[in-house]
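Heads up, the thing below is written out as structure tokens.
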Amino acid sequence: MSNQPFSLSGKTILVTGASSGIGRAIAIACAQMGARLIITGRNEEQLNVTLSQMNGEDHQIIVADLTIGNDIDRLVSSLPLLDGFVSNAGINKLMLCQYIKETDMSNILETNLVSPIKLTKKLLKDKKINAGASLIFMSSIAAIHSSLGNGVYCSSKAGLISYSKVLALELASRQIRVNNILPGMVYTGITAKASLTQDDYEKDEKKYPLGRYGTTEEIAYAAVYLLSDQARWITGTDLVIDGGRTLN
Amino acid sequence: METIFIEKFKEILEISDRNLELTDKFREYDEWNSLVFLSLIAMIDEEFDVIIEGKEFKKLETVGEIIEAIKVAQN
């Protein structure tokens with residue numbers, strides 16, 4: 001394994017939102033690189049689909065809804081010591097600022113921002129994070145690049161960036177690293193269900209200088225890099241992966 | 001209901017100097033854009049308690065067809 005610079009062999013990694021999309025791809029890629037995974041999400045059936053695509057035997061599924069306090073406690077208490085944590089669960093709904101509904105706003109902020117903060121707190125309090133561990137928060141170019149109807153989602157993703165930089169500062173003395181990934185549009189289950197039509201997506205895709213939306217694998221391998229020991233001098237950074245979308 | 005819808009739609013389009021006809025193909029309005037689209041979907045939800053999905057909306061061509069779709073969803 002020593003000749004594989006990005007090996008995750010011997011590492012235990014928690015991935016939230018692993019029942020679909022980017023989270024699923026990250027779990028699969030980390031397993032491929034030799035890590036032992038604990039994957040969590042709300043949908044057991046879909047978590048099993050993820051598990052069925054992962055190399056190795058020692059992985060674990062824990063079904064949990066991170067917006068429920070008890071579920072965070074239950075999840076954390078059953079975890080082993082972690083060398084990596086990828087906070088990935090997220091939802092979106094397009095609403096113009098003038099028409100934001102209280103319940104939609106709460107759901108988005110709770111899932112995308114509040115729950116990751118609560119889960120991280122619990123992980124730290126219960127001493128589940130090893131010295132030298134790598135933490136990744138899945139933000140979005142939405143945090144730095146505005147688009148119509150995305151007010152609450154953008155706020156949640158920008159909030160994650162600000163939060164994780166403070167966290168990076170507070171954990172640096174233990175060599176624990178905290179970084180953000182900011183993907184552009186990636187074809188996932190979320191995008192398929194959003195309110196835009198296929199035509200709208202095709203028009204939007206033309207705005208990407210590299211000519212297309214991303215794939216979940218293209219995000220997952222960046223996560224592998226940040227989780228690996230080769231990224232040991234990288235903390236508090238925002239890795240934009242967007243086919244050049246934020247260039248124009 | 002028709003009158004309310006047309007008034008609200010005019011507000012969104014910022015049209016005050018002309019009337020909308022039921023047969024108008026709304027996507028051909030100079031004022032039509034994605035901001036108007038998102039506003040219209042939100043207005044229909046707020047005023048008439050009807051959620052029209054993007055996929056469904058795509059099939060609608062005229063002002064009258066939007067009104068019909070709202071009526072169908074309300075019943």
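Each chain gets a letter, A, B and so on, in the order the sequences are listed, and its residues count up from 1. This one's a predicted model, so the numbers in the text were calculated from it and none came from an experiment.
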Checklist outcome for this item: So CD of A/Gln98 and CE of B/Met43: to nearest 0.5 Å the spacing works out to 11.0 Å
Are there more than 12 heavy atoms of other residues, nucleotides or ligands under 6.0 Å from atom [atom1] of [X]?
| X | atom1 | result |
| --- | --- | --- |
| B/Asp49 | CG | no |
| B/Glu31 | CD | yes |
| B/Gln74 | CD | yes |

Checklist entry - Who passes side chain to side chain donor-acceptor pair (under 3.5 Å) against A/Tyr213, sequence neighbours left out? => result A/Asp204
Item to check | Atom group of A/Leu148 that falls short of 4.5 Å from chain B, counting heavy atoms | outcome: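 Looking at A/Leu148, backbone and side chain both touch chain B.
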Checklist entry - Side chains of B/Leu38 and A/Met95: does their closest heavy-atom pair fall under 4.5 Å? => result no
